[in-house]
Amino acid sequence: MLNDPRLESADARTKNQALLDEVVRPVFAEMTRDEAVRRLLDVGVPAGPVQTSDDLLACPQLEARGVRVTSRRN
């Protein structure tokens with residue numbers, strides 16, 4: 001992939017997104033979210049996890065800052 005002219009620039013990768021997805025998706029599908037983020041960061045790729053609703057509800061920072069509001073349904 002490193003020498004593939006279809007992927008040599010950001011514009012080329014955008015034009016060939018289907019090809020890139022075809023190659024990259026199966027690799028990341030085998031990893032946990034945390035493993036994927038760690039591996040990307042280890043090679044200098046800026047990355048961070050996408051938070052789920054459950055992640056946000058369990059986030060102590062949001063609770064400490066008063067961002068999270070608990071409500072009760074009737």
Side-chain angles (χ1 to χ4, degrees):
M1 285 182 63
L2 292 176
N3 297 318
D4 190 327
R6 297 172 295 176
L7 304 172
E8 68 184 1
S9 68
D11 285 340
R13 288 186 295 277
T14 299
K15 289 176 187 170
N16 293 289
Q17 186 68 47
L19 169 66
L20 193 57
D21 286 347
E22 183 181 312
V23 173
V24 173
R25 190 177 303 268
V27 174
F28 282 96
E30 297 294 320
M31 299 179 209
T32 66
R33 176 184 64 180
D34 292 340
E35 181 183 5
V37 169
R38 188 192 81 250
R39 289 182 67 180
L40 290 167
L41 293 173
D42 285 350
V43 295
V45 176
V50 174
Q51 302 294 317
T52 66
S53 298
D54 288 341
D55 293 332
L56 294 174
L57 289 173
C59 179
Q61 258 186 323
L62 293 179
E63 188 169 350
R65 294 185 69 191
V67 174
R68 189 176 84 183
V69 176
T70 305
S71 65
R72 191 177 63 188
R73 292 185 182 198
N74 294 332

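When reading the values below, keep in mind they use all heavy atoms of this one structure, side chains included, and skip hydrogens, waters and symmetry mates. Model, not experiment: these values are computed from the prediction.
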Q) Which atom names give the shortest non-hydrogen contact between Ala12 and Pro5, and what distance separates them? A) CB-O, 4.0 Å
Q) How close do Asn16 and Leu7 get, heavy atom to heavy atom, and via which atoms? A) CB-CD2, 4.2 Å
Q: Please check if atom CZ in Arg6 has more than 12 non-hydrogen atoms from other residues, nucleotides or ligands closer than 6.0 Å.
A: no
(Q) Counting neighbours of CD on Glu30 that are heavy atoms of other residues, nucleotides or ligands and sit closer than 6.0 Å, is the number greater than 12? (A) no
Q: Find out if a path of hydrophobic residues (ILVMFWY) with successive side-chain heavy-atom gaps under 4.5 Å connects Val24 to Met31.
A: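 Yes: a chain of side-chain contacts under 4.5 Å links Val24 to Met31.
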Could you go through residues 39-52 and list every donor-acceptor pair under 3.5 Å that involves a side-chain atom there, pairing it with any protein atom two or more places apart or in another chain?
| residue | atom | partner | partner atom | Å |
| --- | --- | --- | --- | --- |
| Thr52 | OG1 | Asp54 | N | 3.4 |
| Thr52 | OG1 | Asp55 | N | 3.0 |
| Thr52 | OG1 | Asp55 | OD2 | 3.1 |

(Q) Just to verify, what does Asp34 make a salt bridge (charged side-chain N to carboxylate O under 4.0 Å, His left out) with, not counting sequence neighbours? (A) none
**Q.** Side-chain heavy-atom pair Leu19, Asp4 within 4.5 angstrom cut-off
**A.** yes
(Q) Distance check, rounded to the nearest 0.5 Å: Glu35 atom CD versus Phe28 atom CZ? (A)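 The CD atom of Glu35 sits 10.0 Å away from the CZ atom of Phe28.
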